[in-house]
**Q** 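Sharing a structure, written as structure tokens. Questions coming.
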Amino acid sequence: MNKGRWFILLLLGSLLLVSCRTLEKKAIRSVADMLSSPDGAGAITSDDDPQLIADALPLALKIYEILLAQDPKNDELAAATGKNFAMYSGGFILLPADMMDDEMWEEAAEARSRAKKLFRRGRDYLLSALDLRHEGFLASLDSGDYDTAAAMLETEDADAAYWAGLAWLGMASTDPLDVEVLTTVDKAALLMYRSMELDDSPAGIHDMMIQLQVSLPSSVLATMRERSPLTANYMDGYYESAGIGTNPRDRAVFHFERAVSLSNGLEPSPYITMASAVSVKEQDVESFRTYLNAALAIDPEENPDTRLMTLIYQDKAQWLLDHIEEFFLVDF
């Protein structure tokens, strides 16, 4: 039995435990620490059955919330809870919605509305985790004191900041007409850049930076730069040291190459991002096919820790190839 199956059994056992009113605080913290540990997350991301995880995650998410309600000051559990909500919303609700046929537009709209709510819930848990670690973080962010908020975050906060930014951007992507959300995504960009400043070694942060460079309105980054001079200085120095100018496409290619290098070419997401965000924008059919075929050529077994997301994203890559005519103004 692989780790994913063991995790499902553990979740069921945990549910029985947390429903027992006599459960001691120490036992709650013990279960919470296990669920928020790398092993707890790895039991999900290493599974080879996306449908099993899709069916199991709603129960898992409620267990996380139940435990967090019993231990609300547990910042690690709050971060893990938010991260899993963001992952579930993106991988198991929004992604399938994007691949629904046009005649299923009502179902797709409902799924996007649900994804938006769950992205928001995940974002709020992650922001809460950061505020638990650094009192006043949320107040500074909400008041527009971006530099103070960013300066509070430390290296160990990079992952939570990344997932908070991802959930925020995911929430915005589900409803492009929500002006209230769109006027706040500069905060998501701030969290992404601060995460990269603290730790630029994860491939995921560079994957997201591709989208920030070519998909996010330039006004959003301009607003963030204006409100956070320290982040603007970091951005300029980062790209200058890499020999990259101000051209968004050049920066996107730089981040793509970094993502591929850091993941040893074993994660399909950067290829899909380039195909969707750059090739489609430039109407470059050949690069679209090249990127997606590269994503499909990855063997999920080469990196068992990310097996689940590899399989999910490869389904997306195949769908994009199968529907190529929907993205290009040429005859096929």
**Q** Ignoring hydrogens, what is the shortest heavy-atom contact between G122 and F85? Give both atom names and the distance.
**A**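 What the structure gives for the nearest pair is CA-CB, 3.7 Å.
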
**Q** Looking at T273 and Q211, what are the two nearest heavy atoms and their distance?
**A**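 What the structure gives for the nearest pair is CG2-CG, 3.4 Å.
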
**Q** Between L191 and G165, which heavy-atom pair has the shortest distance, and what is it?
**A**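 Here L191 and G165 meet closest at CD1-N, 4.0 Å.
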
**Q** Counting only heavy atoms not in E180 (residues, nucleotides, ligands), do more than 12 fall under 6.0 Å from its CD?
**A**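 At most 12 heavy atoms, drawn from other residues, nucleotides or ligands, come within 6.0 Å of this atom.
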
**Q** Does a sphere of radius 6.0 Å around OH in Y313 hold more than 12 heavy atoms from other residues, nucleotides or ligands, not counting ones at 6.0 Å or beyond?
**A**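 No.
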
**Q** With a sphere of 6.0 Å drawn around CD of E240, does it hold more than 12 non-hydrogen atoms of other residues, nucleotides or ligands?
**A**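 Open: at most 12 neighbouring heavy atoms sit under 6.0 Å from CD of E240.
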
**Q** Hydrophobic clusters join Ile, Leu, Val, Met, Phe, Trp and Tyr when side-chain heavy atoms are under 4.5 Å apart, directly or via other members; which others share one with M100?
**A**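 Under the 4.5 Å side-chain rule, M100 groups with M104.
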
**Q** Contact between T231 and Y146 at the side-chain level, heavy atoms closer than 4.5 Å - yes or no?
**A**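 They are not in side-chain contact.
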
**Q** Answer yes if V220 and M224 sit in the same cluster of Ile, Leu, Val, Met, Phe, Trp and Tyr residues linked by side chain heavy atoms under 4.5 Å apart, and no otherwise.
**A**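 Looking at the clustering, M224 is in the same group as V220.
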
**Q** Using a cut-off of 6.0 Å, state whether more than 12 heavy atoms not belonging to Q283 lie near its atom CD.
**A**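 More than 12 within 6.0 Å, yes.
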
**Q** If the test is salt bridge (charged side-chain N to carboxylate O under 4.0 Å, His left out), which one of R114, R120, K117, K116 qualifies with D175?
**A**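 Answer to the salt bridge (charged side-chain N to carboxylate O under 4.0 Å, His left out) test with D175 among R114, R120, K117, K116: K116.
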
**Q** Let me see the working for D98 and R112 under salt bridge (charged side-chain N to carboxylate O under 4.0 Å, His left out), right down to the final yes or no.
**A** CA-CA 9 Å; D98 288 343; R112 291 191 181 98; 3.2 Å; yes

**Q** Kindly indicate whether the side chain of T81, heavy atoms from C-beta on, has any atom under 4.5 Å from the side chain of E65.
**A**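 A side-chain contact under 4.5 Å exists here.
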
**Q** Under 4.5 Å between side-chain heavy atoms, counting indirect links through other Ile/Leu/Val/Met/Phe/Trp/Tyr residues: same cluster for V280 and V214 or not?
**A**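 Different clusters.
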
**Q** Do you reckon W319 sits in the same ILVMFWY cluster as I272, going by side-chain contacts under 4.5 Å, direct or chained?
**A**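 Yes; tracing contacts between hydrophobic side chains, which count when under 4.5 Å, links both residues.
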
**Q** Between atom NE2 of H134 and atom CG of D157, what is the distance when rounded to the nearest 0.5 Å?
**A**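 Going from the NE2 atom of H134 to the CG atom of D157 covers 3.5 Å.
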
**Q** Please report whether the ring centroid of Y238 lies less than 6.0 Å from that of Y193.
**A**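 Not close enough - the centres of the two rings lie 6.0 Å or further apart.
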
**Q** Aromatic rings H255 and H206: how do their planes relate, parallel, tilted or perpendicular, breaks at 30° and 60°?
**A**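 Ring orientation of H255 relative to H206: tilted.
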
